[in-house]
Amino acid sequence: MEYVSTRGGAPAVPASQAVLNGIAPDGGLYVPTEWPKMTWDWSQVGQQSYQALAKRVFAAFFEDYTDAEIQAVVDQAYGDQWQTPDIVGLHQDENLTYMELFHGPTLAFKDVALQALPFLMTTAAAKQAVNDKIVILTATSGDTGTAAMSGFGNVNQTEIIVFYPQVGVSDIQRQQMQTERADNAHVTAITGNFDDAQRAVKDLLGNPELRQELKDHRMRFSSANSINIGRLIPQMVYYLYAYSRLVKNQEIEAGQAVDVVVPTGNFGDILAAYYAKQVGLPVKTFVVASNENNVLTDFFNTGTYDRNRDFKVTSAPAMDILVSSNLERLLYFASGRNSEEIKGYMDDLQKTGTYELTASTRANLAEFKAGFADEDQIAAAIAQTYQDRHYLLDPHTAVARHVYQQMDSATQPTLLAATASPYKFPQAVLKALGQEPVGGAAGVQQLADFTKTAIPEQIQHLYQLPIRHKKIIKPNQILTTIREELF
Ligand SMILES: *Cc1c(COP(=O)(O)O)cnc(C)c1O
């Protein structure tokens, strides 16, 4: 099995090369040429550890890695940096199973993949005889940057450069970024919102002059974004894991279909569930949950993608996205692997900000449903779930909870991705609970006192760490900043 570009204009490459490249040379995304054949004895999988399951999935999708290499990646990614040895926490509420994906170092689901990606990447570099330093350049609305630095921090042969917007990140996220300790991490705030930061970084990744300068310094860019298959594949594991535990706990019969509800931004997390289905996870409906940046809701309901709208800064910032990159991969499969068609959509998107699906491709998306939550609905979902179900949600998970309720699917066993700890967004959560939140460390304590829940160990000392990264720049200073940091 190899990886080809969704746009059909790049050679097929083995997994390690796809991990190193991040994006395909024709601008498309790497997709597997075929689905690996995997068989599932669910009660047996239910006895296996998360790590054993991860090994199996990695071996199937990262086919050119040896067993020893996969073992080493899994050992380093899923060890005692997690608050639970099972990696994923499961919270059962009648038919609804919250997959708590936030027990890693930075309190958000991105840790699941970003604790593995650096080792997938450095292993890939060794396999491909690449000695250049790998430079990870990323714009973040908060979670990607912190998780990428936690993963890549002090990993040999890598530099990690993070730009985050001044507007839209939570207090905790800002503190996590400004106190990052790794020597190879470069963190800078950019004036404006995430969309501005994202645009500036995307421009640079395509800048041939900068690429040449990197080459001269024996460096090269790669991506820690969820366009990288090294992000996507590790995210398949928790869906399979959670399903096996439902069978083990006799919540469902082996083989019984579940629904999956995922709070969505760049479409990576829910796409991983779709990939899991292709290799045998019984899923009936994929529910795509958005915040007020509801491009995807409109897309699944109308068949037309339209990014021409105002960007909104919401209380669920990791979902403040107008161009959902990974959707391209879903459309590739829905179109029957028609790369011409995909290239057409992406050209239209580039030129006009919109594209319209063909009837047949649209018909192949019938297993997807979509909905969104506005700011009041997010707050109401947090308050209601806390009062009625005694369970505390962060704003992203609350988006999914609202849409789940909207779908009226409570009779169907459902896996819901709980993507961040409420402690990553204490101010938003306190406000939803009718409190007057205070900022900084006191806000964290306030949430603990009010809800009588424990402050996660990962952030207990966060506000005692020295601030190391104070720089704030304008978007047009980004190139100069990178040169200063790297060369
Ligand atoms: C990144 C993120 C999301 C969105 O995930 P995608 O893979 O981009 O769809 C949702 N919730 C949280 C907390 C996140 O950090």
Side-chain angles (χ1 to χ4, degrees), residues 29 98-115 117 138-151 162 164 168-170 172-173 176-177 194 198 223-236 238-239 260-276 286-291 293-297 299-300 314-330 368 370 372-373 378 381-382 393-403 416-426 428-429 456:
L29 307 189
Y98 293 90
M99 298 183 293
E100 296 180 347
L101 308 173
F102 50 74
H103 296 296
T106 71
L107 303 182
F109 92 96
K110 291 186 175 70
D111 287 329
V112 178
L114 278 163
Q115 290 296 306
L117 181 65
T138 188
T140 179
S141 57
D143 287 339
T144 304
T146 53
M149 288 191 286
S150 168
V162 171
Y164 69 95
V169 299
S170 80
I172 292 275
Q173 289 172 323
Q176 283 175 325
M177 274 183 284
F194 172 62
Q198 170 101 318
S223 174
N225 189 284
S226 61
I227 57 164
N228 196 312
I229 63 157
R231 279 277 303 269
L232 208 49
I233 306 307
Q235 291 174 196
M236 295 170 61
Y238 44 76
Y239 294 101
V260 171
V261 185
V262 185
T264 308
N266 219 9
F267 210 78
D269 202 3
I270 194 158
L271 187 78
Y274 175 84
Y275 272 35
F286 299 90
V287 180
V288 182
S290 302
N291 63 23
N293 295 290
N294 55 359
V295 189
L296 288 170
T297 315
F299 171 73
F300 282 101
T314 75
S315 57
M319 301 159 68
D320 292 347
I321 284 175
L322 293 180
V323 176
S324 263
S325 312
N326 274 297
L327 186 62
E328 180 172 344
R329 285 189 165 112
L330 175 65
F368 284 81
F372 78 100
I378 292 174
I382 293 172
L393 306 179
D394 94 285
H396 302 78
T397 311
V399 168
R401 168 79 210 196
H402 173 82
V403 173
L416 187 150
T419 50
S421 161
Y423 277 91
K424 201 155 187 183
F425 304 91
V429 172

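All ligand and atom numbering here is 1-based and tracks the order in the structure. Nothing fancy with the numbering, it's 1 onward along the sequence.
- Contact annotation for Asn266 and ligand 1: heavy atoms of both the backbone and the side chain come within less than 4.0 Å of the ligand.
- Looking at Lys424 against ligand 1, nothing comes within 4.0 Å, counting heavy atoms.
- Under a 4.0 Å criterion applied to the non-hydrogen atoms of Thr264, ligand 1 contributes the atoms 9 (O).
- Inspection of the Asp111 and Thr106 side chains reveals an N or O donor paired with an N or O acceptor under 3.5 Å.
- At the top of the distance list for atom 7 (O) of ligand 1, counting protein heavy atoms only, stands Asp269 N, 2.9 Å.
- The closest side-chain heavy-atom distance from Thr314 to Met319 is not below 4.5 Å.
- Counting atoms of ligand 1 from 1 in the listed order, those under 4.0 Å from a heavy atom of Pro263 are 4 (C), 10 (C).
- Remark: Lys110 does not engage Asp269 in a salt bridge, criterion side-chain N to carboxylate O under 4.0 Å.
- Across Leu416, Ile270, Val261, Val260, a single residue satisfies side chain to side chain contact (heavy atoms under 4.5 Å, CB included) together with Val287, and that is Val261.
- Here the protein heavy atom with the shortest distance to atom 9 (O) of ligand 1 is Gly265 N, 2.8 Å.
- With a 4.0 Å cut-off on non-hydrogen atoms, Phe267 touches ligand 1 through its backbone and not its side chain.
- Tested against Leu232 for a side chain to side chain contact (heavy atoms under 4.5 Å, CB included), the candidates Leu271, Leu29, Ile227 yield a single pass: Leu271.
- Residue Ser226 has no nitrogen or oxygen atom sitting less than 3.5 Å from a nitrogen or oxygen atom of ligand 1, judged on distance alone.
- At the top of the distance list for atom 14 (C) of ligand 1, counting protein heavy atoms only, stands Lys110 NZ, 2.8 Å.
- Scanning all protein heavy atoms for the shortest distance to atom 12 (C) of ligand 1 gives Thr419 OG1, 3.3 Å.
- Residues Ala289 and Ala400 approach most closely at CB-CA, 3.8 Å, considering heavy atoms.
- The aromatic rings of Tyr238 and Phe109 sit perpendicular to each other, their planes meeting at more than 60°, with 30° as the lower class boundary.
- Between Phe425 and His396, a ring centre-to-centre spacing shorter than 6.0 Å is recorded.
- Per-residue contacts place Asp143 under 4.0 angstrom from the following atoms of ligand 1 (heavy atoms of the residue considered): 12 (C), 13 (C), 14 (C), 15 (O).
- Proximity to Gly268 (heavy-atom distance under 4.0 Å) selects the following atoms of ligand 1: 6 (P), 7 (O), 9 (O).
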